[in-house]
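FYI, side chains are in, hydrogens and waters are out, and symmetry mates aren't considered; it's all heavy atoms of this structure. By convention in this document, chain letters (A, B, ...) are assigned in the order of the sequence lines, proteins followed by strands, and residues within each chain are numbered from 1.
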Amino acid sequence: MNNKQVASVLNQLADMMEVNGDNPFKVNAYRRAARAVENSRASLTELDGGPEALSGVGKGTASVIKEILETGSCTPLEELRQKLPEGLPELLQIPGMGPKTVHAVYHQLGVTDLEALEQALKEKRLRSLSGFGPKKEEKILEGIRRYRERPDRMLLGHVLPVAEEILKRLREHPAVEQAETAGSLRRMKETVKDLDFVVATRHPEQVADAIVSMPEVTRVINHGDTKVSVMFHQGFEIQVDIRLVSPEQFVAALVHFTGSKEHNVRLRQRAKEFGWKVSEYGIYDVKRDEVFTFADEKEVYQKLQLPYVIPEMREDRGELDVEEEHPERIRLEDYRGDLHMHTRWSDGAHSIREMALAAEERGYEYIAITDHSQSLKVASGLTADDLRRQREEIARVNEEVDGITVLAGIEMDILPGGELDFPDEVLVELDLVIASIHSAFQQDQETMTKRILQAMENPHVHIIAHPTGRLIHRRDPYAVDMHRIFQAAKETGTVLELNANPHRLDLNDYWLKLAREEYGVDFTINTDAHSTEGMGVIPLGIATARRGWLEADHVINTYSLDRLLARLKS
DNA sequence: GCCGTTTTCGGCCCGACTGTTTTCAGTCG
């Protein structure tokens, strides 16, 4: 059992306790313990002093954790599962249904699942409970409808262009003094549910009117002076929430609506230590009856005597628990070249020269051409002979195009048995060798892990691409022991990829942070572009690296060409 | 259930909104 799995059990337990009507503070204690376990740098089994060494884990939660670790089961959770119907926790997912309501309909009406709840609503039985009326029945019915039709969270890479367009229009409005994205969009989470914005204005009604009359708006959900919510359609439909505040309140509102929720809770707890309250309107000194406002977000953290935290890191993953200021995280400006891309030689859309020119236009110093290898027939993989001829073309492009260096590489398949698609004498001729999995995704963990380790142990392999193979919403990661992969990466010097494709973002923020902190792994951020436009997703990769706390020096794409070549040779 | 540079007991983040109330409980972000 790893930390993530233990945290998941603790969260399930908290859900069941909540439905059971347990003390909400007790429920929260379990949620906090789950977070502490998930965010712990060290694995639970190797923690000095046991789980209780973690802040938020005490005697009670530690004994539960120990049981999960030692036996794989969790007695309090089993007991609650015996006691309560299994359909009950799902009811918490319905908008408008909280623990109190679930508890009431179960105990007083015998509602055990979603179907029974709908039946009770049809028969108008909820209004018989004290505190319930026709309006509340109506609200829950609407909640069930929304729950059934809930769209998946959308890929950040898909919604980003729309968000940028909306932000541009907001900033162009004459009554708008400042505008910024907020929420998970600003934190650059891999998926988002809606698009949040904060706007500073002295004329909120004018801005609100302008928003609801945009041509792409298909439905107005909320049209007030402080908050406007609309459904926005541009190729797909997504909810857009815009908060309108006075210019003095803008910075505090931006912090508040950027979140995350958990990060905000920590800020407020901190403020309490000084006798202050944090809200979207500023920091309020209760004793002196005084509100502090701020010129920028750095001042907010300074006021609370906390290190400044970039939006991408505001997830309560330990970012507020450091003594000193955070080091600078990697920025787009640090990025010098893309090391994973395809051309017409395999399944790409453009030629080597076209890719080189596009990269030069982006200001890159180098790129690597890494087409697929012979076994990947669906992508017209290259034979050793093709590779030799491709190298000649790369040499010609290097002569003809100034200002950029094109490296000759390969994205080579790791075959199901763990052997590589080319022998060493072919690989040694190349500047850069990426190895990756494109077949037999269903292998068991031991086979898959050994298969990747075997590739890493080959001295000619520099990089493992998209190491978990997950496709967001489409394919789970393959079964692989990531800790062994990280350990091997450290030992062999193999670089692990953060693939910036919006569907992949693989490694993700969680693994990046863990691999760097616990194992000191080096990374490469690449777009895996199959066309010149494909290189445009690099900001997603940089943002994900920032979410994983990476600094420029942890990423080989920030190296000078000389340093990069030396690293590859070593 | 957890925690302590005011605390080992008494708190536990904050404000808006809604629907049910007649002063407040529940839910949400």
Side-chain angles (χ1 to χ4, degrees), chain A residues 10 13-14 17-18 20-37 51-65 76 91-105 126-140 142-143 146-147 182-187 192-198 221-222 224-227 229 239 241-245 249 252-253 255-284 286-287 291 304-305 314 316 320:
Chain A
L10 290 174
L13 177 56
M17 287 167 64
E18 193 164 37
N20 191 42
D22 285 6
N23 177 336
F25 297 111
K26 186 174 163 184
V27 174
N28 193 244
Y30 277 93
R31 295 240 157 86
R32 282 195 41 176
R35 283 193 74 75
V37 167
E52 281 162 278
L54 299 171
S55 165
V57 178
K59 256 190 177 164
T61 45
S63 74
V64 174
I65 292 168
L91 301 186
L92 283 176
Q93 302 299 313
I94 298 162
M97 294 279 289
K100 294 282 162 72
T101 311
V102 173
H103 196 246
V105 296
L126 261 71
R127 64 183 66 178
S128 67
L129 305 177
S130 86
F132 286 74
K135 285 253 179 80
K136 187 132 189 200
E137 284 181 340
E138 194 48 49
K139 212 178 157 182
I140 294 174
E142 168 71 10
R146 273 173 51 200
Y147 171 69
S184 51
L185 169 67
R186 181 157 183 253
R187 300 201 309 279
V192 299
K193 189 166 67 85
D194 49 25
L195 302 179
D196 291 315
F197 300 88
V198 179
I221 299 164
N222 205 324
D225 271 358
T226 59
K227 180 182 169 176
S229 293
Q239 183 167 332
D241 291 337
I242 299 170
R243 318 281 174 150
L244 305 162
V245 298
Q249 295 166 344
V255 171
H256 179 82
F257 292 115
T258 297
S260 65
K261 185 167 170 274
E262 292 78 9
H263 181 87
N264 284 356
V265 167
R266 291 291 308 276
L267 294 187
R268 292 190 187 122
Q269 285 169 341
R270 177 67 170 181
K272 262 186 98 101
E273 294 171 21
F274 299 105
W276 303 333
K277 282 184 183 182
V278 178
S279 78
E280 53 265 58
Y281 304 119
I283 294 180
Y284 175 64
V286 182
K287 264 191 226 130
V291 176
L304 295 169
Q305 294 177 34
R314 298 180 194 168
D316 191 22
L320 295 173

Quiz prompt | Partner set under side-chain contact (heavy atoms from CB on, under 4.5 Å) for Ala62(A), not counting sequence neighbours | solution = Pro51(A), Glu52(A), Val57(A)

Self-check item: B/S/- contact track for nucleotides 9-21 of chain B, protein heavy atom under 4.0 Å
Solution: ---BBSSS--SS-

Rounded [atom1] spacing from [N] to [M] in Å:
{"N": "dC17(B)", "M": "dG10(B)", "atom1": "P", "answer": "35 Å"}
{"N": "dC12(B)", "M": "dA25(B)", "atom1": "P", "answer": "16 Å"}
{"N": "dT21(B)", "M": "dG26(B)", "atom1": "P", "answer": "13 Å"}
{"N": "dT8(B)", "M": "dG4(B)", "atom1": "P", "answer": "12 Å"}
{"N": "dT6(B)", "M": "dG11(B)", "atom1": "C1'", "answer": "14 Å"}
{"N": "dC2(B)", "M": "dT7(B)", "atom1": "C1'", "answer": "14 Å"}
{"N": "dC13(B)", "M": "dG29(B)", "atom1": "C1'", "answer": "12 Å"}

Which residues pass the salt bridge (Lys or Arg N to Asp or Glu O under 4.0 Å) test with [X], sequence neighbours left out?
{"X": "Arg243(A)", "answer": "none"}
{"X": "Arg268(A)", "answer": "none"}
{"X": "Arg270(A)", "answer": "Glu273(A)"}

Atom-pair distance ([atom1] on [X]; [atom2] on [N]), nearest Å:
{"X": "Arg146(A)", "N": "dC28(B)", "atom1": "CZ", "atom2": "C1'", "result": "10 Å"}
{"X": "Ile242(A)", "N": "dG29(B)", "atom1": "CD1", "atom2": "P", "result": "17 Å"}
{"X": "Gln239(A)", "N": "dC28(B)", "atom1": "CD", "atom2": "P", "result": "14 Å"}
{"X": "Leu92(A)", "N": "dG29(B)", "atom1": "CG", "atom2": "P", "result": "13 Å"}
{"X": "Glu142(A)", "N": "dT27(B)", "atom1": "CD", "atom2": "P", "result": "17 Å"}
{"X": "Met17(A)", "N": "dG1(B)", "atom1": "CE", "atom2": "C1'", "result": "8 Å"}
{"X": "Leu54(A)", "N": "dG1(B)", "atom1": "CG", "atom2": "P", "result": "18 Å"}
{"X": "Leu126(A)", "N": "dG26(B)", "atom1": "CG", "atom2": "P", "result": "15 Å"}

Just call it for [X]: base, sugar-phosphate, or nothing, with non-hydrogen atoms closer than 4.0 Å on any strand.
{"X": "Ile140(A)", "value": "nothing"}
{"X": "Lys59(A)", "value": "sugar-phosphate"}
{"X": "Phe257(A)", "value": "nothing"}

Quiz item: Taking for each residue the nucleotide of DNA chain B bearing the nearest heavy atom, is the 5' side occupied by Gly98(A) or by Tyr30(A)?
Solution: Tyr30(A)

Quiz item: Relative to the 5' end of DNA chain B, which residue comes earlier, Thr61(A) or Pro95(A), by the nucleotide with the nearest heavy atom?
Solution: Thr61(A)

Practice problem: Without swapping roles, check the side chain of Glu137(A) against the backbone of Leu126(A) for a donor-acceptor pair under 3.5 Å. | Solution: yes

Quiz prompt | Backbone N/O of Asp22(A) and side chain of Asn20(A): donor-acceptor pair under 3.5 Å | solution = no

Quiz item: Quick one: are Asn264(A) and Val278(A) in side-chain contact, heavy atoms under 4.5 Å?
Solution: no

Quiz item: Where does dT7(B) land, syn or anti, once you apply the within-90°-of-0 test for syn?
Solution: syn

Quiz prompt | Heavy-atom neighbours of Arg127(A) CZ exceed 12 at 6.0 Å | solution = yes

Quiz item: Are any of Thr101(A)'s side-chain N or O atoms less than 4.0 Å away from OP1 or OP2 of dT27(B)?
Solution: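 Yes, within the criterion.
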
Quiz prompt | Any residue meeting ring pair (Phe, Tyr, Trp, His ring centres under 6.0 Å) with Phe274(A), in chain and number order, not counting sequence neighbours | solution =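 For Phe274(A) the ring pair (Phe, Tyr, Trp, His ring centres under 6.0 Å) partners, ignoring immediate neighbours, are Trp276(A).
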
Quiz item: In terms of side-chain heavy atoms of Lys100(A), which of dG1(B), dG26(B), dG29(B) is nearest?
Solution: dG26(B)

Quiz prompt | G-U wobble or Watson-Crick pairing nucleotide for dT8(B) (cut-off 3.5 Å, both distances) | solution = none

